[in-house]
There are 2 protein chains.
Amino acid sequence: MKDLNKSQLTISGRVTLADVAKAAGVSTSAVSRTFTPGASVAKKTRTHILKVATNLGYRPNAIARTLSTQRSRIIGLVVSYLHNQFYPTIIERLSQHLQAQGYHVLLFISGDHSGAEAETDSLVLDILQYQVDGLVLMSTTMSSRLAMHCHTLGIPVVMLNRTAPIKQVNAVSSNNYEGGRLAARFFINAGAHRISFIGGLKNASTTVERQQGFIDELLHHDISPHSQVYGNYDFHTAGQVTQSLFTTKNPPDALFVANDHMAFSVLDVLRSKLGIAVPDDVQVIGFDNVPQASWRAYYLTTVEQNAEQMVKHTITTLLDSLKSPTAEPRQIVVPVKLIERGTTWKLP
Amino acid sequence: MKDLNKSQLTISGRVTLADVAKAAGVSTSAVSRTFTPGASVAKKTRTHILKVATNLGYRPNAIARTLSTQRSRIIGLVVSYLHNQFYPTIIERLSQHLQAQGYHVLLFISGDHSGAEAETDSLVLDILQYQVDGLVLMSTTMSSRLAMHCHTLGIPVVMLNRTAPIKQVNAVSSNNYEGGRLAARFFINAGAHRISFIGGLKNASTTVERQQGFIDELLHHDISPHSQVYGNYDFHTAGQVTQSLFTTKNPPDALFVANDHMAFSVLDVLRSKLGIAVPDDVQVIGFDNVPQASWRAYYLTTVEQNAEQMVKHTITTLLDSLKSPTAEPRQIVVPVKLIERGTTWKLP
DNA sequence: TTGTACGCGTTATCAT
DNA sequence: ATGATAACGCGTACAA
């Protein structure tokens with residue numbers, strides 16, 4: 001309350017360093033140092049300045065500081081969409097951790113349509129204009145190009161939940177390949193015969209890697225996949241492909257879906273539109289284990305992707321890159337595990 | 001590809017207006033004007049400058065521009081948490097629309113614990129330091145104080161999905177009160193007798209208003225609520241209070257839950273831990289209608305909050321406030337409607 | 001139409 | 001420990 005009243009004295013809101021200096025009868029440098037942790041100011045003048053400053057409702061201007069120091073303490077975060085609950089989960093934790101370190105997150109929604117390639121350049125421009133100190137990329141479509149471009153410009157980049165053939169940029173992801181294998185083995189052990197895969201975008205690393213592990217393991221057991229289709233990471237599309245998959249003479253009896261978001265749509269269609277029982281008629285495995293969805297587990301076996309671990313690796317990688325831009329690029333792969341239907345697990 | 005190659009010529013990444021001016025043999029103002037839409041530059045020099053600029057890989061520095069123009073084109077977005085799917089939905093659309101208008105979103109996660117009051121001041125400081133042009137508040141706890149403070153400082157503020165007794169700041173929200181009444185009427189018509197309410201945070205406007213409408217309508221029909229408890233907008237807590245609600249001698253037969261996120265937890269506990277059938281033993285109504293959750297509708301009647309409408313009102317309100325800071329504050333209330341169990345609705 | 005010069009609010013350098 | 005002053009990169013009068 002005190003704060004509020006005081007700042008009302010200066011409704012103008014534009015109190016600068018110079019104003020404080022004048023009012024306190026000191027130089028601007030003194031004021032600046034007062035607000036610079038670990039600078040050399042006499043305790044007495046410091047407290048005096050501090051008093052005058054709060055009295056005037058002064059707040060340092062981060063923009064001006066950025067111009068002067070060449071560091072914005074802003075991290076750009078590029079993401080395609082937020083429908084998949086996995087992303088909000090990540091974003092929340094990432095932002096919290098960064099805030100704790102004095103950084104902030106500037107959000108970029110990249111869209112996800114097929115014409116996205118053209119959009120990339122304009123997005124790059126947008127991002128770079130804001131002088132972000134670093135970049136976290138969770139975008140599906142344009143990650144590789146974007147990553148290389150910014151990396152070339154000397155901006156620390158971490159690709160999160162994405163990988164690319166490029167080994168120069170940092171990447172944190174789950175062991176998607178192994179996740180695919182786990183799914184395949186689960187189905188094989190369960191005695192499934194007609195085993196299908198529903199991917200997201202055909203070229204996205206999360207789809208490719210999960211699919212590859214899945215297929216490899218099937219083939220290793222001399223089973224060829226029943227069918228492989230793609231839902232474009234879209235709820236509606238995933239439902240459609242499911243429907244067409246089951247309106248054939250020989251429908252699958254096991255489905256590995258590339259993420260939970262689509263898996264939910266699949267389950268929905270199976271039950272409500274097709275009247276197919278899960279898991280009695282069809283086994284379904286998803287991927288992500290989005291938090292607080294324990295009630296879904298009764299229908300769904302899923303491959304768990306550990307959001308907290310991924311975020312932590314991302315933060316440390318990013319901050320380390322900020323400190324020593326010449327550091328070796330890191331390729332971090334977080335282990336996954338299969339969580340079986342009916343299993344209960346701790347809620348966060 | 002051309003772009004990439006060219007910009008590799010200047011790996012340093014620090015190309016300024018002055019550099020371009022020098023290289024093009026013109027003044028800095030000429031360059032500046034070239035990048036200022038609608039400024040007076042000769043077509044010939046303009047194209048020449050543009051060529052030199054792209055050749056050098058020049059990108060305007062938004063930070064410096066901010067310092068000069070006093071407008072950052074950054075909108076601060078304050079939100080407590082992203083677990084409730086309603087928030088990501090809003091954020092995605094909000095950010096997209098703002099990007100289309102040349103604005104960008106700086107994200108602030110405010111946390112939601114009880115000691116949050118103290119956190120407010122430090123958050124305010126954080127936000128103001130970045131010279132945001134405007135502010136969208138979706139935080140549960142600290143909205144009112146924060147809103148007034150920033151409003152006083154002359155920063156356009158829109159409270160989204162929050163309301164406060166303060167009428168000086170813009171607010172966009174759903175008709176929560178009416179939503180509560182709809183829920184009550186539904187239960188009454190369904191012949192429920194022991195009708196309960198599960199709120200979020202006791203003081204949050206979304207809880208208070210929904211609860212008020214609900215209770216008012218019940219009383220209007222001479223029904224007194226069976227019980228009123230609070231899940232703090234938390235998945236786990238909501239489950240716990242549900243459990244305790246049903247381990248009494250006289251459990252409710254109807255539950256109005258203040259948002260979908262908690263409602264899912266309620267459903268989960270009812271089915272898996274308590275073995276209670278929905279809707280046969282208990283009727284459940286949620287609030288939000290989070291997108292792409294149609295498959296949940298078979299268990300849940302919900303009050304629909306129209307995210308797209310709320311976002312649109314928020315954007316126009318915000319942009320109008322930016323243009324004319326003296327404009328009258330707006331209190332926009334978006335209508336809601338009840339979506340009954342089994343109803344299907346369009347997916348986005 | 002174009003160029004010069006100053007201001008935006010801060011940090012950094014160099015004296016004192 | 002403190003103060004004057006020059007950057008930082010860009011708009012924008014004002015003058016030409």
Side-chain angles (χ1 to χ4, degrees), chain A residues 10 12-50 52-53 56-74 102 125 128-133 153, chain B residues 10 12-50 52-53 56-74 102 125 128-133 153:
Chain A
T10 61
S12 69
R14 292 265 164 248
V15 185
T16 76
L17 232 163
D19 297 332
V20 177
K22 200 175 298 175
V26 295
S27 75
T28 58
S29 338
V31 182
S32 174
R33 281 191 273 261
T34 298
F35 286 91
T36 305
S40 117
V41 200
K43 208 152 228 157
K44 195 176 169 185
T45 54
R46 189 187 139 78
T47 52
H48 175 229
I49 290 175
L50 232 43
V52 173
L56 256 53
Y58 166 72
R59 308 178 181 299
N61 182 329
I63 298 298
R65 174 182 297 146
T66 296
L67 196 60
S68 182
T69 60
Q70 308 283 34
R71 297 187 314 135
S72 63
R73 300 193 80 81
I74 292 178
L125 222 111
L128 296 181
Q129 291 201 357
Y130 278 95
Q131 314 299 109
V132 296
D133 282 349
L153 263 50
Chain B
T10 60
S12 68
R14 292 265 163 251
V15 185
T16 76
L17 233 163
D19 296 332
V20 178
K22 200 174 297 176
V26 296
S27 76
T28 57
S29 8
V31 183
S32 173
R33 282 190 271 262
T34 298
F35 287 91
T36 304
S40 116
V41 200
K43 207 151 230 158
K44 194 176 168 185
T45 54
R46 188 186 140 79
T47 51
H48 175 227
I49 290 176
L50 232 41
V52 174
L56 257 52
Y58 166 72
R59 309 177 181 299
N61 182 329
I63 298 298
R65 174 184 297 147
T66 296
L67 197 59
S68 180
T69 60
Q70 308 282 35
R71 297 188 315 134
S72 62
R73 301 194 80 80
I74 293 178
L125 222 113
L128 296 181
Q129 291 200 357
Y130 277 95
Q131 314 300 108
V132 297
D133 282 348
L153 264 50

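Quick note on labels: first sequence line is chain A, next is B, and so on, each numbered from 1.
Boundaries of the chain A contact region on DNA chain C are C:dG9 to C:dA12, first to last in 5' to 3' order (nucleotide atom under 4.0 Å from a heavy atom).
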| remark: Its contact letters, B for base, S for sugar-phosphate only and - for none at protein heavy atoms under 4.0 Å, make nucleotides 10-16 of chain D read BBB----
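With rounding to the nearest 0.5 angstrom, the OG atom of B:Ser72 is 9.5 Å from the CG atom of A:Asn61.
Heavy-atom minimum distance, A:Arg71 versus A:Asp133: CA-OD1, 3.5 Å. Minimum interatomic distance between B:Ala24 and B:Ile49 (heavy atoms only, all atoms of both residues): CB-CG1, 4.4 Å. Looking at every heavy atom in both residues, B:Leu125 comes nearest to A:Arg59 through CD1-NH1, 3.1 Å. When all heavy atoms of A:Pro60 and A:Arg65 are compared, the closest pair comes out as CB-NH2, 3.5 Å. A pairwise comparison of heavy atoms in B:Arg14 and A:Gln70 identifies NH2-O, 4.5 Å as the closest pair. Closest non-hydrogen pair, A:Ile63 versus B:Leu67, comes out as CG2-N, 4.2 Å.
Among the protein residues, A:Val26 comes within range of the sugar-phosphate backbone only, with heavy atoms under 4.0 Å from sugar or phosphate atoms but none that close to a base.
Residues from residues 37-45 of chain A lying near DNA chain C, meaning a heavy-atom separation below 4.0 Å, are absent.
The residue among B:Leu67 and B:Ser27 whose nearest nucleotide of DNA chain C is located toward the 5' end is B:Ser27.
Taking A:Ala18 as the reference, A:Thr16, A:Thr28 meet the side chain to side chain contact (heavy atoms under 4.5 Å, CB included) condition, with sequence neighbours excluded.
As rounded to whole Å, 6 Å separates atom C1' of D:dC8 from atom CD of A:Gln70.
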Which atom pairs, one a donor and one an acceptor, fall under 3.5 Å between side chains of residues 29-41 of chain B and the rest of the protein, sequence neighbours left out?
unit_1, atom_1, unit_2, atom_2, d
B:Ser29, OG, B:Ser27, OG, 3.0
B:Thr34, OG1, B:Ala30, O, 2.8
B:Thr36, OG1, B:Ser32, O, 2.8

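Looking at B:Val20, B:Val52, B:Leu50 one by one, the single match for side chain to side chain contact (heavy atoms under 4.5 Å, CB included) with B:Tyr58 turns out to be B:Val20.
Axis angle between the ends of the helix from C:dT1-D:dA16 to C:dT16-D:dA1, five pairs each and rounded to 10 degrees, works out to 40°.
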